[in-house]
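Below is one structure, written out as structure tokens; comments come after it.
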Amino acid sequence: MVIVAIVFFVFMALGMPVAFAIGIAGLTFFLQNPDLPFTIPFQITVSQTQNFALLAVPLFIMAGNFMNRSGITERLLDLASVITGRMKGGLAQVSVLLSGLMGGVSGSAIADAAMQSRVLGDEMVRRGMSPGFTAGVISFGSILTPIVPPGIGMILFGTIGQVSIGRLFAAGFFPAILLWVGLSFAIWLTAKKRGYPPQRTTRPTLAEYGTAFRGGIWALLFPVFLLAGLRMGIFTPSEIGAFAVVYALFIGFLIYRKMNGRGFLHALEVSLGDVGSVMFLITLSAIFSYGIVFERIPEVISGSITGVTSNVSAVMVIIVLLVIVAGCFIDATVLIIMMTPIFLPLVRSLGGDPVHFGIVFIVAATIGNFTPPVGAAMYTVCSILKVPIGTYTRESIPLMIAIGVVALFLIFVPGAVLFLPNLLFN
Amino acid sequence: MKTFYRYMIGAEAVLAGTFLLIMVAVIFGGGVARMMHYPLNWTGEVATGCFAWACFLCADIAWRNNTLMSLDLIVDLFPPSVRRAIVYFNLFVIACFLCYAIYAGGWLAWISRSRSFQGITGVSYSWVTASLPVGAALMLITTVLKIRTAMQDHRVVHTAEEGVPSAW
């Protein structure tokens with residue numbers, strides 16, 4: 001497996017698409033073990049697509065793309081602006097809340113960051129915020145999107161680790177609120193120090209609140225529908241994705257009437273490329289994972305971690321640090337696929353709760369999206385807003401600290417994560 | 001030849017899009033039918049069958065459009081001549097991998113022809129496994145064309161400008 005890892009990192013460093021790098025590296029394991037049938041690597045690649053739970057991934061990607069064209073974004077922007085516009089740091093506060101609201105209808109942090117850079121980015125800079133801080137807020141704010149249910153990370157983690165997806169969804173709500181409060185506080189402090197003005201000076205009237213909530217109600221209700229549907233057994237986790245697509249089309253065509261045939265086809269076309277790049281990575285990673293399981297790597301890593309400490313919280317801190325460091329180079333999807341089978345059994349054996357660990361793990365894996373040198377959200381935001389990575393990194397430090405503090409709190413206070421799933425599902 | 005290729009790209013996109021929409025329709029329909037107490041037992045099989053084909057057709061689309069995620073940071077440190085060599089090396093290795101995928105995947109589809117798909121008699125599992133060698137063959141064509149473009153064009157092939165799609 002050492003050779004496999006070296007091949008993987010060398011190919012990735014050479015700029016080969018990660019999907020190919022992971023598949024080819026995984027194949028070298030089979031070259032070292034000629035006793036294994038040569039068809040196995042591709043048999044397991046195909047069998048990934050026969051996993052009913054993984055179907056949710058392409059469905060959520062489509063739902064996100066349709067949602068973006070349904071007219072829901074504008075409504076949620078109005079809502080976020082009515083709620084937080086009067087706080088110091090105005091539009092930055094709006095941006096973070098918008099990420100959380102978008103999280104309820106889509107599960108993709110990158111899509112959220114890209115959308116916000118286009119919709120809010122220039123306006124934030126025009127209102128006097130430094131470009132680096134603007135990019136940081138949009139990028140780090142999108143951490144809320146995968147944590148507010150539904151999220152593809154939760155589905156992947158739940159599928160691979162055999163953890164209830166309903167419980168994971170429910171567990172995301174409170175940590176998302178904590179992350180929002182943490183980021184909001186960091187923005188408030190920065191805005192106060194630098195004198196960034198609020199977005200609006202007058203208190204919104206009751207009528208404005210009413211209109212904004214009515215506009216956003218379809219988006220706000222979606223996660224509630226999801227949890228209720230899962231709880232009552234109306235649909236299974238893999239059906240949620242299809243439900244989300246139909247819901248997006250329903251509100252796009254019939255409620256907001258912003259979707260038309262052309263918009264539909266465009267969203268579908270965008271989805272083809274997105275589904276291809278994500279699913280190809282997931283299917284080929286099976287070749288890589290085969291060797292990991294075959295050589296009992298999880299046991300080896302678990303052994304070396306438990307050699308240091310066997311306290312669950314301390315082990316989680318170590319795992320989170322490892323995941324954040326790995327996340328600087330590896331995409332969150334790959335991290336979840338590769339590391340869930342390694343770390344979840346370890347946490348379970350030490351008596352940790354899999355749902356609690358799942359949320360902490362997903363938060364940590366998502367942080368990798370924002371950190372240099374390879375953060376997908378960071379890359380997206382900085383390239384759209386034309387901000388150098390160095391400036392972005394420097395100005396994001398308060399936001400990073402806020403997320404770090406919340407992450408530590410979530411690790412040491414499992415009740416903050418678990419009380420809602422326990423309330424709903426026990 | 002060019003027209004044929006353009007036609008093929010169009011057909012690939014239409015097929016992939018159709019497979020995705022069928023997945024949505026049958027999974028949603030299956031859920032609704034169960035709610036109405038008329039459970040359908042074939043929706044899962046149709047959906048996973050379409051899923052396999054959608055995955056590998058979309059993978060080719062992503063590969064052609066340069067939206068597969070990659071790490072350019074280290075490569076960008078090298079001078080252009082070295083970068084070009086790396087691009088050729090990567091494409092060559094990928095082409096070898098795809099050839100092997102066509103061979104092993106094709107063999108797999110051939111030997112699994114008597115295995116029925118999800119226990120349905122009359123439908124061979126080969127219909128599912130064939131998606132991999134077919135997808136790999138399409139990607140091999142894309143790879144060869146990329147090599148040709150790289151040879152004609154003296155710029156370095158790069159990934160999409162505004163970031164990369166991710167499931168996150």
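Reminder, nothing fancy here: chain letters follow the sequence lines and each chain counts from 1.
Only the side chain of B:F89 comes within contact range of chain A, judged by heavy atoms closer than 4.5 Å. Of the two parts of B:L20, the backbone and the side chain both hold a non-hydrogen atom closer than 4.5 Å to a non-hydrogen atom of chain A. Heavy atoms of B:L57 lying under 4.5 Å from chain A are absent altogether. Neither the backbone nor the side chain of B:V26 comes within less than 4.5 Å of any heavy atom of chain A. Only the backbone of A:Q48 has a heavy atom closer than 4.5 Å to any heavy atom of chain B. With a 4.5 Å cut-off on non-hydrogen atoms, A:L59 touches chain B through its side chain but not through its backbone. Within the 4.5 angstrom heavy-atom criterion, only side-chain atoms of B:W63, from C-beta onward, approach chain A. The contact between A:M62 and chain B is made entirely by side chain atoms (from C-beta outward), counting heavy-atom distances below 4.5 Å. The part of B:I86 that comes within reach of chain A is its side chain, from C-beta onward, which places non-hydrogen atoms under 4.5 angstrom from that chain. Proximity to chain B is absent for every atom of A:D112, based on heavy atoms less than 4.5 angstrom apart. Neither the backbone nor the side chain of A:I240 comes within contact range of chain B, judged by heavy atoms closer than 4.5 Å. Looking at A:V245, only its side chain comes within 4.5 Å of chain B, counting heavy atoms on both sides. Residue contact with chain B, scored on non-hydrogen atoms closer than 4.5 Å, involves the side chain of A:L27 exclusively. Heavy atoms closer than 4.5 Å to chain B are found in the side chain of A:L281, but not in its backbone.
B:C58 has its side chain out of reach of A:M279: every pair of non-hydrogen atoms, C-beta onward, lies at least 4.5 Å apart. Taking 4.5 Å as the limit, every side-chain heavy atom of B:F97 sits out of range of all side-chain heavy atoms of A:M16. A:F66 has its side chain out of reach of B:V24: every pair of non-hydrogen atoms, C-beta onward, lies at least 4.5 Å apart. In this structure, the side chains of A:L268 and B:L21 come closer than 4.5 Å at one or more pairs of heavy atoms. Side-chain contact check for A:T45 versus B:F56: some heavy-atom pair is nearer than 4.5 Å. Proximity of B:R34 to A:T236: side-chain heavy atoms (C-beta onward) are separated by under 4.5 Å at one or more points.
Taking every heavy atom of both residues into account, B:A62 and A:S277 meet most closely at CB-N, 3.6 Å. A pairwise comparison of heavy atoms in B:A52 and A:Q50 identifies CB-NE2, 3.8 Å as the closest pair.
Around the CZ atom of B:F92, the shell of radius 6.0 Å holds no more than 12 heavy atoms that belong to other residues, nucleotides or ligands.
Options B:F51, B:Y103, B:Y100 differ in how many heavy-atom pairs under 4.5 Å they form with chain A, and the most are formed by B:F51. For the set A:A114, A:P58, A:A19, the count of heavy-atom pairs under 4.5 angstrom toward chain B peaks at A:P58.
For the side-chain hydrogen bond (donor to acceptor under 3.5 Å, both in side chains) test, residues two or more places apart in sequence or in another chain that qualify with A:S271 are A:N65. Annotation: side-chain hydrogen bond (donor to acceptor under 3.5 Å, both in side chains) contacts of A:Y247 (sequence neighbours excluded): none.
In summary, of the residues considered (B:L91, B:N90, B:L68), a side chain to side chain contact (heavy atoms under 4.5 Å, CB included) with A:F20 occurs for B:L68 alone.
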inquiry  = One pair to check against ring pair (Phe, Tyr, Trp, His ring centres under 6.0 Å): A:F42 and B:W107. What are the steps and the verdict?
reply    = CA-CA 10 Å; A:F42 299 102; B:W107 176 248; over 10 Å; no
